[in-house]
Amino acid sequence: QVQLVESGGGLVQPGGSLRLSCAASGVEISGYNMEWYRQAPGKQRELVAHIEYNGRTNYGDSVKDRFTISRDNAKNTVYLQMNNLKPEDTAVYYCNIPTPGYWGQGTQVTVSS
């Protein structure tokens, strides 16, 4: 059974940083592209960051130059380093394997003073 478990969310002040982790089990992520999505209340889920199996990355326009996605295949884990957080980054963040379509349960990130 495939499981993706996100962790690292929480409450942070504007300008602060958080690092999210997505630990996979039941699947070896080394051969897969991995993604982070987020969903804010009343909004559609949006793609935040994407990392290919070869390490190539791309980002949503709203997080470029602030967020960094990375992977540690030996730990079967994907990370999202989030810097200079803004209130509009508040959302539930989800880990995703786009093919064949596995999702984690999400972790809440709240940016507020």
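Along the sequence shown, the residues carry numbers beginning at 1. Only heavy atoms go into these numbers, but all of them, side chains included; no hydrogens, no water, no symmetry mates.
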>> Test of understanding: clusters of I, L, V, M, F, W, Y form through side-chain heavy atoms closer than 4.5 Å, transitively. Do Val12 and Trp36 belong to the same one?
In response: yes
>> Taking salt bridge (Lys or Arg N to Asp or Glu O under 4.0 Å) as the cut-off, I'd like each qualifying pair that reaches into residues 69-80, sequence neighbours left out, listed once.
In response: none
> Which residue pairs pass the salt bridge (Lys or Arg N to Asp or Glu O under 4.0 Å) test when at least one of the two sits in residues 6-29, sequence neighbours left out?
Replying inline: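 Sorted pair list comes back empty.
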> Restricting to pairs with a member in residues 57-104, which pass disulfide (SG to SG under 2.5 Å), not counting sequence neighbours?
Replying inline: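 Applying disulfide (SG to SG under 2.5 Å) to every pair that reaches into residues 57-104, excluding sequence neighbours, yields Cys22-Cys95.
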>> Listing request: all disulfide (SG to SG under 2.5 Å) pairs with a residue in residues 26-78, at least two apart in sequence or in separate chains.
In response: none
> Residues two or more places apart in sequence or in another chain: which of them pass side chain to side chain contact (heavy atoms under 4.5 Å, CB included) with Thr99?
Replying inline: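 So Thr99 forms no side chain to side chain contact (heavy atoms under 4.5 Å, CB included) with any residue.
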> With sequence neighbours left out, what residues match Glu52 under side chain to side chain contact (heavy atoms under 4.5 Å, CB included)?
Replying inline: Asn33, His50, Asn54, Arg56
Is any side-chain heavy atom of [X] closer than 4.5 Å to a side-chain heavy atom of [Y]?
{"X": "Ser112", "Y": "Pro87", "result": "no"}
{"X": "Val78", "Y": "Ile29", "result": "yes"}
{"X": "Val92", "Y": "Arg38", "result": "no"}
{"X": "Gln39", "Y": "Glu46", "result": "no"}
{"X": "Gln108", "Y": "Thr90", "result": "yes"}

> Would you say Gln44 has more than 12 foreign heavy atoms packed within less than 6.0 Å of its CD?
Replying inline: no
>> Once ring pair (Phe, Tyr, Trp, His ring centres under 6.0 Å) is applied, what residue pairs with a partner in residues 74-113 remain, sequence neighbours excluded?
In response: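 Every pair satisfying ring pair (Phe, Tyr, Trp, His ring centres under 6.0 Å) with a residue in residues 74-113: Tyr37-Trp103.
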> What residue pairs, at least two apart or across chains, pass ring pair (Phe, Tyr, Trp, His ring centres under 6.0 Å) with a residue in residues 52-73?
Replying inline: none
> Is there a donor-acceptor contact under 3.5 Å from the side chain of Thr110 to the main chain of Leu11?
Replying inline: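 Side chain of Thr110 to backbone of Leu11: no pair is present.
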> How far does CD of Gln105 sit from CG of Leu4, to the nearest 0.5 angstrom?
Replying inline: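 Going from CD on Gln105 over to CG on Leu4, the span is 8.5 Å.
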> So how far is it from Thr77 OG1 to Leu20 CG, rounded to the nearest 0.5 Å?
Replying inline: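 Interatomic distance, Thr77 OG1 to Leu20 CG, rounded to 0.5 Å: 12.5 Å.
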>> So which atom in Ala49 and which in Leu80 form the shortest heavy-atom distance, rounded to 0.1 Å?
In response: CB-CD1, 4.1 Å
>> Among residues at least two apart in sequence or on other chains, which ones pass side chain to side chain donor-acceptor pair (under 3.5 Å) with Thr68?
In response: none
> Of all residues at least two apart in sequence or in a different chain, which pass the side chain to side chain donor-acceptor pair (under 3.5 Å) check with Ser17?
Replying inline: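 Partners of Ser17 under the side chain to side chain donor-acceptor pair (under 3.5 Å) test: Asn83.
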>> Tell me every residue that passes salt bridge (Lys or Arg N to Asp or Glu O under 4.0 Å) with Asp61, counting only those two or more places apart in sequence or in another chain.
In response: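 Partners of Asp61 under the salt bridge (Lys or Arg N to Asp or Glu O under 4.0 Å) test: Lys64.
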> Can you name the salt bridge (Lys or Arg N to Asp or Glu O under 4.0 Å) partners of Arg66, sequence neighbours left out?
Replying inline: Asp89
